[in-house]
Chemist: 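Sending over a structure as structure tokens; questions will come in a sec.
Atoms considered below: every heavy atom in the structure, side chains included; atoms not considered: hydrogens, waters and symmetry mates. Note that the numbering runs from 1 along the sequence shown for the chain. Order of listing sets the numbers, starting from 1, for every ligand and every atom in it.
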Amino acid sequence: MTGRLGGGHQSDRLVPLPQQVTPRDGSLVIGAHSRVVAGNGVDPMDPVVVHLVADVQSATGLHLRRTIEPPARGDIAVRIDPASSSRHGDEGYELTIGNDGAEVVAATRHGLWNGTRTLVQLFSHSAHDGELPAVHIVDRPRFEWRGAMLDVARHFFGVDHVLRFVELMARFKLNRLHLHLSDDQGWRLAIDGWPALTGVGASSAVGGDYGGFFSRADYLEIVAHAALHFVTVVPEIDMPGHTNAALASVPELNLDGVTPPLYTGTEVGFSSLHLAAPATRRFVHDVIAQLAADTPGEYLHVGGDEAHSTDHSAYLEFVALLQREVHSHGKQMVGWEEIAAAPLAPATLVQHWLHAAVAAGAPSGARFVMSPARHTYLDMKHTPDCRVGRRWAGFIDLATAYGWDPAALIDGVGDDRIAGVEAPLWTEKVVSFADVEHLCYPRLACLAEVGWTAQALRTWDDFRPRLQVHSDRLAAIGVNVYGPPAD
Ligand code: ACM
């Protein structure tokens, strides 16, 4: 059995490509009498079921009733089978569509979510077309961490935009939202007991543009909305560098007690927290305590990149403090690859972005998130004539965003030491959400397949028409999707 598809089958609408797709003869036509059947282990009010009903309606115009009755002809059934966990893992599923009905089975709710994402992609998404191709799909992801990062520090994007960002990424089974919440140009999360961080530090942005910040309630709303889409939020407070906004807000974070001015440029590497300043340890403690309290996910991101004005031994001491604080609140740490120089706990994740040799310096056994800039940095232009974006890591066209293997980046680091992949969108040059969409889509769909689909099943020629289906669908729902010139 193989994941490669014969030409013309309707399952060439799937991104990411499943592990095993076996087309069968015939099709299922969803009609006015079809229902969504919540079977074993599934509450009919479960968001997985509610989303499935809404998504079938968007795809076909049909509103299906939910029921817990046994499935009948034409129904879509979803059920949990805990005994299938050895086959499906935490996120895998089995989808069977025949002439009489469809069924999604998984060991977990997350697996059901992924299976229903696949099912929804199989509709033609043209009005009044409820036909699904008969097919048997067995699927599970290559990597558990499939993320996108949004920098809300250089330019701020509010709750509604972040919720939309989540909804779009979840279409492609992406499951980590890394929020870059602080940098030299802005502090974007209210922290109890530290009103100046937002009172002062949230007012600025690159180029003198509007700032802004999330209240604790805003953050919890994002976390909750992400959870409904099986996306885990990974909050980042970048330390000890990239901290001018905090230093400008709180005199006691500075060795001389004097706050530097707010910063609206785009240089990096000039700011640093100091452990010897009177408020630094309390600040680190309070920030991490609040993030831990408000974040259900296992990981907190502490930054650690480009601390060029932090003395090396002070940097190592700082990273050790961050790791202790994260652990003391029951969480694990993730940091940019520069933290590889510090003693790291086995569960700490190192996020590779620029120099494989730096990442490779991590303790043996360390695990990685792969964000190689020349393939995943969403702030790079697609092509030289793109209006938005930067170019320092090169142009990232769709073939470049797709054509890399996470296991071929760092010597000796294969799948067993890779938690997954992530594409960051830095926003120095990104002002509007229309530009966010233009830089993210469809490149985030490329990343989704890099993170999900086995390397041996992926080819650009096979992917390209499937990607086009999704570019068209995204455009149809109003996403400002990038369209490469036809060749
Ligand atoms: C980074 O791009 N400074 C991680």
Side-chain angles (χ1 to χ4, degrees), residues 145 147-155 176-188 205-206 234-246 263 265-273 299-310 312 315 318-319 322 333-342 344 348-362 366-381 388-396 400-401 404 406 409-410 419-430 436 439-440 443-444 447:
W145 183 299
M149 190 207 82
L150 181 62
D151 169 10
V152 293
R154 271 51 176 274
H155 280 99
R176 295 287 188 285
L177 172 67
H178 171 176
L179 283 176
H180 183 76
L181 290 164
S182 68
D183 215 300
D184 291 317
Q185 299 87 347
W187 182 279
R188 305 301 180 204
V206 167
V234 181
E236 177 187 354
I237 296 293
D238 203 344
M239 297 176 274
H242 289 275
T243 41
N244 190 76
Y263 182 69
T266 59
E267 296 299 314
V268 298
F270 60 89
S271 58
S272 183
L273 293 170
Y299 279 91
L300 305 181
H301 204 304
V302 298
D305 56 322
E306 297 176 311
H308 303 319
S309 48
T310 314
H312 187 62
Y315 175 81
F318 211 105
V319 172
L322 293 171
M333 182 169 95
V334 49
W336 298 106
E337 68 195 9
E338 289 91 329
I339 67 163
L344 302 178
T348 294
L349 293 177
V350 176
Q351 187 164 12
H352 166 50
W353 65 281
L354 188 59
H355 294 301
V358 171
R367 295 181 76 232
F368 297 87
V369 175
M370 299 300 192
S371 302
R374 64 183 200 285
H375 295 286
T376 69
Y377 266 35
L378 296 165
D379 53 324
M380 296 302 121
K381 290 173 186 271
V388 282
R390 310 176 73 189
R391 53 175 70 210
W392 66 260
F395 303 106
I396 302 183
T400 305
W404 61 287
L409 297 173
I410 304 176
V421 299
E422 186 178 294
L425 179 63
W426 302 101
T427 58
E428 285 96 331
K429 302 278 181 190
V430 186
V436 169
L439 291 165
C440 287
R443 288 188 294 198
L444 271 176
L447 180 91

Chemist: Polar-atom distance check: Trp336 versus ligand 1, any N or O pair below 3.5 Å?
Modeler: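 No.
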
Chemist: If I apply the N/O under 3.5 Å rule, does Tyr377 come out as touching ligand 1?
Modeler: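 By distance alone, the answer is yes.
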
Chemist: At less than 4.0 angstrom from any non-hydrogen atom of Trp426, what atoms of ligand 1 do you find?
Modeler: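 Those atoms are 1 (C), 2 (O), 4 (C).
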
Chemist: Which of the numbered atoms in ligand 1 are under 4.0 angstrom from any heavy atom belonging to Trp353?
Modeler: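 Checking each atom against Trp353, I get 1 (C), 2 (O), 3 (N), 4 (C).
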
Chemist: For ligand 1, note which part of Gln351 has a heavy atom under 4.0 Å away: side chain, backbone, both or neither.
Modeler: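 Answer for Gln351: neither.
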
Chemist: Is the backbone of Thr243 close enough, under 3.5 Å, to the side chain of Asp184 for a donor and an acceptor to pair up by distance?
Modeler: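 Side chain of Asp184 to backbone of Thr243: a pair is present.
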
Chemist: Residues in salt bridge (charged side-chain N to carboxylate O under 4.0 Å, His left out) with Arg188, at least two apart?
Modeler: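 Checked Arg188 against salt bridge (charged side-chain N to carboxylate O under 4.0 Å, His left out); zero matches.
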
Chemist: Which class fits the ring pair Tyr377 and Trp426: parallel under 30°, tilted 30 to 60°, perpendicular over 60°?
Modeler: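 If you compare the ring of Tyr377 with that of Trp426, the planes turn out tilted.
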
Chemist: Under the side-chain contact (heavy atoms from CB on, under 4.5 Å) rule, what do Leu409 and Phe368 come out as? Steps first, then yes or no, please.
Modeler: CA-CA 11 Å; Leu409 297 173; Phe368 297 87; over 6 Å; no

Chemist: May I ask you to decide if Leu378's main-chain N or O and Arg443's side chain share a donor-acceptor pair within less than 3.5 Å?
Modeler: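 Side chain of Arg443 to backbone of Leu378: a pair is present.
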
Chemist: As an exercise, identify every atom of ligand 1 less than 4.0 angstrom from a heavy atom of Glu306.
Modeler: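 Per the distance check, 3 (N).
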
Chemist: Show the nearest heavy-atom pair for residues Gly304 and Ile339, with the distance to one decimal.
Modeler: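 For Gly304 versus Ile339, the nearest heavy atoms are CA-CG2, 4.2 Å.
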
Chemist: Should Asp305 be counted as touching ligand 1, given the test is an N or O pair under 3.5 Å?
Modeler: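 By distance alone, the answer is yes.
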
